[in-house]
Amino acid sequence: MNGAPSLLQDLDDAIARGTDESRAKALWHATDLLITGRYVDDEISMFGEVIGRLADEIEVEARAQLSELMAGCDHAPLNVIEKLALDDAIEVAGPVLRDSTRIDEKVLVASAMTKGQAHLLAIAQRDAIGEAVTDVLVKRGNQEVVTSVAKNEGARFSSSGLLHMVRRAEGDSILAEQLGLRKDVPRHIFQQLISKASEDVRRRLETERPEMMSQIQSSVTEVTGDLQSKFGPSSRSYFVAKRVVTTQYRQGNLNQVSISNYARQHRFDEVQIGLSLLSSLPVDVIERALMDRNREMILVLCKALDFSWDTTMSLLFLGAKDHLITARELHDNERDFGRLKIETSRSILKFYQSRKNSAGTDPATGRQPELQVH
């Protein structure tokens, strides 16, 4: 490794003389050699020892300059990067937190968990950010940090991170809009977001994300009476079922057990009427949820009503073609159902209710029942 003997000698001299000038000279000599040369891992590690020892002896301004150089070096010593990233001074930590490709995710998490908002903002501006890091940013970050990471197309979020962002977006139209513009936000979280957003934000998102809004509208059909399937309210059996289930509901006897029993007996009319009463949604919306090949809405509805997986499964089989579901589909549905949160699902249900029931009464009872959980 060319320059190594003189580098070590400079280090010894710098420490021995103990002057800022000598330390700076050795530091920049080592740094120049590192950046301009090509070295194997052991040699880079040696540079790391040298530069790391000198970095402990220099002032903030010099450490900040070192950070700028190390941030752009694709073979910077890892120990130096970590030391700089965890520096309390943002002018030192900022460059490597924002730009270094050598920084370990654990170091980013450690910085995000222990440092101030300026450090979090620098991390939020990285080209790529993993879920473990964004989980911390959205919980500890202030408004500027959270908005910055929401705008960052290279940031990846866990489901819990996105839900935390949705909660923080309440009353924050800028964050709500930025979150709504992200292409990686799942539909059920997008639904919760717009259910809490202001009318201005909804209108902007309808313009910017027409495909997502149309999906939501298609899953919550307008109550026009156009949906007249073979299970529809034109048959005499439907009105008999309506009378029986409505009486059961008024007496307080309509619950999860009732719905599960009806589903297992393939009594579709009773199921859709019962779910309509328990959820305060129109019957045609329930029918669409049961019959739709995309099972998301029925899963959300069951979770909002605090139904068990067994009850939910019976409803999935009821709505499936020929009452058959493959093992793979059933496994995927059970996984998705397990990931749903009751609070989230109820927020989505309230959004459905606001879109569907704002103009009138419940179609099964002539009044607007409250959401019941059994």
Side-chain angles (χ1 to χ4, degrees), residues 131 134-135 138-139 157-171 176 179-180 184-197 212 215-216 219-220 249 252-264 271-283 285-290 292 294-319 325 329-357 362 368-374:
E131 293 181 2
T134 58
D135 277 350
V138 301
K139 291 177 182 177
F157 299 93
S158 66
S159 295
S160 62
L162 285 173
L163 290 173
H164 198 86
M165 293 261 277
V166 169
R167 287 193 289 271
R168 294 198 60 169
E170 291 187 55
L179 188 56
D184 58 348
V185 174
R187 187 174 69 172
H188 70 278
I189 293 181
F190 186 87
Q191 288 170 323
Q192 185 182 10
L193 175 68
I194 64 172
S195 73
K196 300 173 180 291
M212 186 66 84
Q215 286 183 36
I216 294 174
S219 68
V220 190
Y249 170 77
N253 297 323
L254 184 65
N255 51 37
Q256 177 179 184
V257 175
S258 313
I259 298 298
S260 182
N261 289 336
Y262 286 141
R264 288 183 170 86
V271 167
Q272 65 175 342
I273 294 167
L275 288 176
S276 172
L277 290 164
L278 292 176
S279 67
S280 303
L281 290 177
V283 171
V285 173
I286 300 298
E287 180 178 2
R288 172 64 66 88
L290 289 167
D292 197 338
N294 184 334
R295 314 320 303 272
E296 183 179 64
M297 186 174 176
I298 192 63
L299 293 178
V300 168
L301 177 60
C302 288
K303 182 65 73 167
L305 293 171
D306 201 16
F307 282 0
S308 68
W309 167 244
D310 285 343
T311 299
T312 304
M313 185 167 55
S314 69
L315 294 173
L316 292 172
F317 276 107
L318 175 66
I325 302 176
E329 290 173 329
L330 196 60
H331 176 269
D332 290 345
N333 285 324
E334 183 176 11
R335 178 200 61 203
D336 294 341
F337 182 75
R339 289 175 176 174
L340 286 171
K341 304 297 183 184
I342 291 180
E343 179 185 357
T344 303
S345 300
R346 287 178 177 170
S347 295
I348 296 172
L349 179 58
K350 287 179 182 178
F351 172 68
Y352 287 156
Q353 291 167 341
S354 70
R355 303 286 280 196
K356 303 309 301 180
N357 292 340
D362 178 79
Q368 287 193 340
E370 297 295 325
L371 172 62
Q372 299 189 6
V373 179
H374 299 270

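One-based numbering along the sequence shown. Not measured: the values here are computed from a predicted model. Heavy atoms only: backbone and side chains are in, while hydrogens, waters and symmetry mates are out.
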Asks: Who pairs with S159 by side-chain hydrogen bond (donor to acceptor under 3.5 Å, both in side chains), at least two apart in sequence or on another chain?
Replies: none
Asks: Below 4.5 Å, heavy atoms only, C-beta onward: do N333 and T312 meet side chain to side chain?
Replies: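 Heavy-atom side-chain distance check fails, nothing below 4.5 Å.
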Asks: Would you please name every residue forming a side-chain hydrogen bond (donor to acceptor under 3.5 Å, both in side chains) with T311, sequence neighbours left out?
Replies: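 In terms of side-chain hydrogen bond (donor to acceptor under 3.5 Å, both in side chains), with neighbours along the sequence ignored, T311 is linked to Q256, S308.
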Asks: What residues, two or more places apart in sequence or in another chain, satisfy side-chain contact (heavy atoms from CB on, under 4.5 Å) together with L330?
Replies: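 W309, M313, F317, I325.
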Asks: Mind checking what makes side-chain hydrogen bond (donor to acceptor under 3.5 Å, both in side chains) contact with E334, not counting sequence neighbours?
Replies: none
Asks: Hey, could you give me the CZ/CG distance between R168 and L163, rounded to the nearest 0.5 Å?
Replies: 14.0 Å
Asks: S345 and K303: which non-hydrogen atoms are nearest, and at how many Å?
Replies: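 Taking every non-hydrogen atom into account, OG-CG, 3.3 Å.
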Asks: What distance separates I298 CD1 from L316 CG, expressed to the nearest 0.5 Å?
Replies: 7.0 Å
Asks: If every non-hydrogen atom of S276 is compared with every non-hydrogen atom of P282, which pair is closest and at what distance?
Replies: OG-C, 3.9 Å
Asks: Which residues pass the side-chain hydrogen bond (donor to acceptor under 3.5 Å, both in side chains) test with T344, sequence neighbours left out?
Replies: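 Residues passing side-chain hydrogen bond (donor to acceptor under 3.5 Å, both in side chains) with T344: none at all.
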Asks: Nearest 0.5 Å please: distance from the CG atom of L179 over to the CD1 atom of I189.
Replies: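 It is 8.5 Å, given to the nearest 0.5 Å.
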Asks: Are side-chain N/O atoms of N255 and S258 paired as donor and acceptor at under 3.5 Å?
Replies: yes
Asks: Just do the side chain to side chain contact (heavy atoms under 4.5 Å, CB included) check on D184 and L162 with the steps written out, would you?
Replies: CA-CA 10 Å; D184 58 348; L162 285 173; 5.5 Å; no
Asks: Once you round to the nearest 0.5 Å, how far does CG of L305 lie from CD1 of I259?
Replies: 8.5 Å
Asks: Rounded to the nearest 0.5 Å, how far apart are CD of E296 and CG of L340?
Replies: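 The CG atom of L340 is 8.0 Å from CD of E296, to the nearest 0.5 Å.
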Asks: Can you name the nearest heavy-atom pair linking E287 to Q272, along with the distance?
Replies: CB-OE1, 3.4 Å
Asks: Would you say L278 and F307 make side-chain contact, with heavy atoms under 4.5 Å?
Replies: yes
Asks: In Å, rounded to the nearest 0.5 Å, how long is the span from CG of L315 to CG of L290?
Replies: 6.5 Å
Asks: Closest approach of L193 and A176, non-hydrogen atoms and distance?
Replies: CD2-O, 3.5 Å
Asks: Would you indicate whether the side-chain heavy atoms of S279 and V285 approach each other to under 4.5 Å?
Replies: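 They are not in side-chain contact.
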Asks: Where do S160 and D135 come nearest, in terms of heavy atoms and distance?
Replies: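 Smallest interatomic distance, heavy atoms only, reads OG-OD1, 4.1 Å.
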Asks: Nearest heavy-atom pair of G180 and F190: which atoms, and what distance?
Replies: O-CE1, 3.3 Å
Asks: Could you list the residues that satisfy salt bridge (charged side-chain N to carboxylate O under 4.0 Å, His left out) with D332, not counting sequence neighbours?
Replies: R328, R335
